[in-house]
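What follows is one structure encoded as structure tokens, with my remarks underneath.
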Amino acid sequence: MSLTLERPAKAPGTTATRPPEEGGRPGRARWVWGWAYSGVLSVVLALVVLLGYLADGIASGTVDWGALLTDSVWSPGNLAFGGLAMIYGSAVVCVLALVLAVPVGWAAAIALSEYLPPRLAKPLRLSIELLAAVPSIVYGLIGIMVIRPFVAGLGDVPGGDSILAAGIVLAVMITPTIVAVSVDALAAVPGRYREAAYSLGLTRREVVRSAVLPQARSGMRAGVLLGLARALGEAIAVFMVIGRADGRLPESFGDFFSSLVRPGQTLTTKLAGPEPMLAGTSGPYFAALCGLGMILLALVAAATVWGTRGASAQVRRGPRVRRTSAWMRGPKDRLTTAVRYGALLLPTALLLGMVGILLARGGTALNPAFWFTPSAGASDGGIRDQIVGTLLLLATTALIALPLGYGAGIVIGTRASAKTSRILETLTVAVGGTPTILLGLAGYVLLCTTMGWGRSWLAGAVVLVPVVVPVVALTTAGRVRGMPGELTESALALGLTRAQYIRSVVIPYTWPATLTGLLLGLARAAGETAPLIFTATVFFGAPALPTGIVNAPVQALPTHIFTLSQDSGAPEAIAQAWGSALVLVLITAGLLSLAVFLRNRFEGARRWTT
């Protein structure tokens with residue numbers, strides 16, 4: 001078995017005996033660490049700014065932490081600020097989403113990577129990644145049209161606004177994320193592990209369980225953490241279907257299941273509602289809302305620490321060997337194959353159903369004039385200016401977030417010790433799980449007010465950067481951890497410094513997965529509405545291209561769709577919203593196609609031979 005790197009190794013001798021530390025040879029790639037640590041610095045800076053904003057808000061009033069954590073009564077008029085019902089709502093909605101999404105996502109990823117032939121797996125993988133690229137505002141619209149009527153019929157609840165509807169919408173949203181990241185992790189496992197396992201006479205199920213999953217576990221866990229971060233931080237899609245009823249808690253264990261089909265409230269929907277604007281910028285009301293934001297960050301950090309510690313303990317215990325009767329191996333293998341193929345049906349049905357709904361309701365988008373003419377009010381004209389504004393925001397966000405997120409992922413995956421890596425990963429997921437309404441409010445105070453930028457496209461892009469950076473960083477770190485140890489050992493044995501090892505080995509290996517992470521991050525950013533309302537966009541009157549950098553707002557598709565969808569009494573506005581949603585999905589699909597093309601190109605250019 002041999003291993004060949006793209007760059008030919010120099011003759012062994014003096015270089016082979018040098019220690020693989022920086023300083024062993026002139027540091028021709030020291031810039032790598034400066035770039036990588038700037039990514040970590042961006043994550044820390046985003047968290048510091050956010051914590052500073054929340055701490056300043058909490059200090060502006062008096063927060064009764066006991067009541068905020070244990071009381072369910074929220075009545076600003078009576079100065080009663082109990083957040084227990086919101087904490088309960090967030091926890092239940094996220095648990096429902098994970099319970100529904102993780103088994104389906106992991107099984108579908110294994111079927112795509114290990115069972116289907118490449119000619120079928122590639123288009124299906126592209127389809128699922130398209131689902132991951134659908135903006136959250138579109139999921140919210142579909143939740144109103146499909147999920148709410150389903151829950152209304154299930155629980156005899158008028159309208160269908162409920163915790164269960166929010167959990168189902170979130171499960172649909174995070175399943176493609178889990179599948180896309182897990183497929184990348186499984187694809188990174190070298191084929192020789194499978195070949196060695198098959199040579200021992202193991203069945204396909206046993207090969208996957210014994211040889212593939214242990215190697216891909218960290219990457220698949222990163223997919224779940226990304227999904228959890230998105231579920232915890234999602235506001236707009238949940239906002240549309242949960243009903244936003246304060247103070248709802250089950251009165252007994254038997255009441256728990258019936259409470260799922262009743263309206264509820266989460267931490268994000270409380271912060272994304274009108275109350276942050278009504279509370280002003282100081283006083284007990286504003287302080288209580290900032291206290292809820294601090295609790296949300298703590299919940300994200302706790303979930304991340306719990307997940308990371310569980311994984312570490314499993315590694316220390318080592319793999320567990322399960323013995324199976326010989327006559328049961330065949331039936332178990334066939335049953336597992338059927339279950340994993342079946343898991344693929346749900347994402348496929350979701351994609352077909354979503355395309356059908358968008359084509360049926362957003363027919364105006366099929367007219368080219370709709371794309372290239374400016375809007376005229378809420379029910380006439382096209383969306384030319386909104387398309388230009390959205391593309392400008394996404395392109396600027398990608399240019400800033402890609403190098404920062406990639407550098408942070410490299411540090412988490414290679415440079416840091418296990419303890420430091422866990423801390424950095426927790427901070428990164430905490431930033432990724434931050435409700436974007438908080439990012440918008442903090443960006444409004446820091447950029448638009450303190451720095452005098454006003455509403456501007458650059459402020460909107462800067463606020464979206466913390467949304468994309470964690471996705472890129474965690475995806476890259478998961479891919480780095482999935483690298484075969486032989487690659488690292490061989491590269492260091494050639495005398496490469498660690499910076500040169502990063503440049504010549506790690507970057508070529510992780511670049512395709514990083515593109516997937518960038519796509520997922522941009523897909524989430526494309527659907528963000530709350531932060532742009534405060535920092536970057538106006539509904540009407542802004543030019544297609546901004547004439548400056550500061551005090552230069554733009555129009556964007558997510559805020560346009562959200563504003564139109566609130567006018568449910570005007571059929572023309574709703575039709576305009578669905579047409580805009582279809583255009584937004586097509587734009588993200590175009591971004592996805594470009595990312596897939598680049599990823600396949602880099603995968604093909606990576607010449608690792610074993």
Side-chain angles (χ1 to χ4, degrees), residues 37-55 135-136 177 222 225-226 228-236 267-268 271-272 290 293-294 296-301 304 393-409 411-412 424-448 450-451 453 456-477 514 517-536 556 558:
Y37 278 104
S38 68
V40 174
L41 182 63
S42 71
V43 173
V44 175
L45 183 62
L47 199 58
V48 167
V49 170
L50 187 61
L51 288 175
Y53 169 76
L54 294 176
S136 56
T177 301
L225 288 176
L226 288 173
L228 176 61
R230 185 172 188 184
L232 279 169
E234 180 54 44
I236 296 299
L267 292 167
T268 53
L271 296 169
C290 290
M294 197 68 82
L296 181 57
L297 286 180
L299 287 176
V300 174
T304 309
L393 289 170
L394 290 181
T396 308
T397 302
L399 287 175
I400 301 173
L402 178 59
L404 296 177
Y406 199 20
V411 173
I412 294 173
L424 292 177
E425 193 171 42
T426 302
L427 296 178
T428 306
V429 176
V431 172
T434 302
T436 52
I437 181 65
L438 289 179
L439 294 175
L441 291 171
Y444 172 75
V445 171
L446 178 64
L447 302 175
C448 302
T450 305
M451 298 177 64
W453 288 13
S456 71
W457 60 274
L458 184 59
V462 171
V463 169
L464 290 178
V465 165
V467 176
V468 180
V469 165
V471 184
V472 177
L474 292 175
T475 307
T476 303
T514 303
L518 178 65
L519 163 72
L520 297 175
L522 289 180
R524 185 185 170 191
E528 291 298 341
T529 304
L532 299 182
I533 289 177
F534 295 105
T535 58

What's the separation between atom CG in Leu299 and atom CG in Leu228, rounded to the nearest 0.5 Å?
10.0 Å

Counting only heavy atoms not in Tyr444, do more than 12 sit closer than 6.0 Å to its OH atom?
no

CG on Leu54 to CE on Met294, rounded to 0.5 Å:
5.0 Å

Do you know which two heavy atoms are closest between Pro531 and Leu464, and how far apart they sit?
CG-CD2, 4.3 Å

For Val431 and Pro466, work out which heavy atoms get closest and say how close.
CG1-O, 3.7 Å

If you look at every heavy atom in Leu532 and Ala556, which pair is closest and at what distance?
CD1-CB, 4.5 Å

Check: residues 394-403 side-chain donor-acceptor pairs under 3.5 Å, at least two apart:
{"unit_1": "Thr396", "atom_1": "OG1", "unit_2": "Leu392", "atom_2": "O", "d": "2.8"}
{"unit_1": "Thr397", "atom_1": "OG1", "unit_2": "Leu393", "atom_2": "O", "d": "2.7"}

Minimal heavy-atom distance between Ser42 and Gly39, with the atoms involved, is OG-O, 2.5 Å

Do any side-chain atoms of residues 469-476 form donor-acceptor pairs under 3.5 angstrom with protein atoms, and if so which ones, sequence neighbours left out?
{"unit_1": "Thr475", "atom_1": "OG1", "unit_2": "Val471", "atom_2": "O", "d": "2.7"}
{"unit_1": "Thr476", "atom_1": "OG1", "unit_2": "Val472", "atom_2": "O", "d": "2.8"}
{"unit_1": "Thr476", "atom_1": "OG1", "unit_2": "Thr514", "atom_2": "OG1", "d": "2.9"}

Which heavy atom of Ala536 sits nearest a heavy atom of Trp457, and at what distance?
CB-CA, 4.5 Å

Grab the two heavy atoms, one from Cys448 and one from Phe534, that are nearest each other, plus how far apart they are.
SG-O, 4.3 Å

Close side-chain approach of Thr535 to Leu447, heavy-atom, < 4.5 Å:
no

From Cys290 atom SG to Leu51 atom CG, the distance as rounded to the nearest 0.5 Å:
11.5 Å

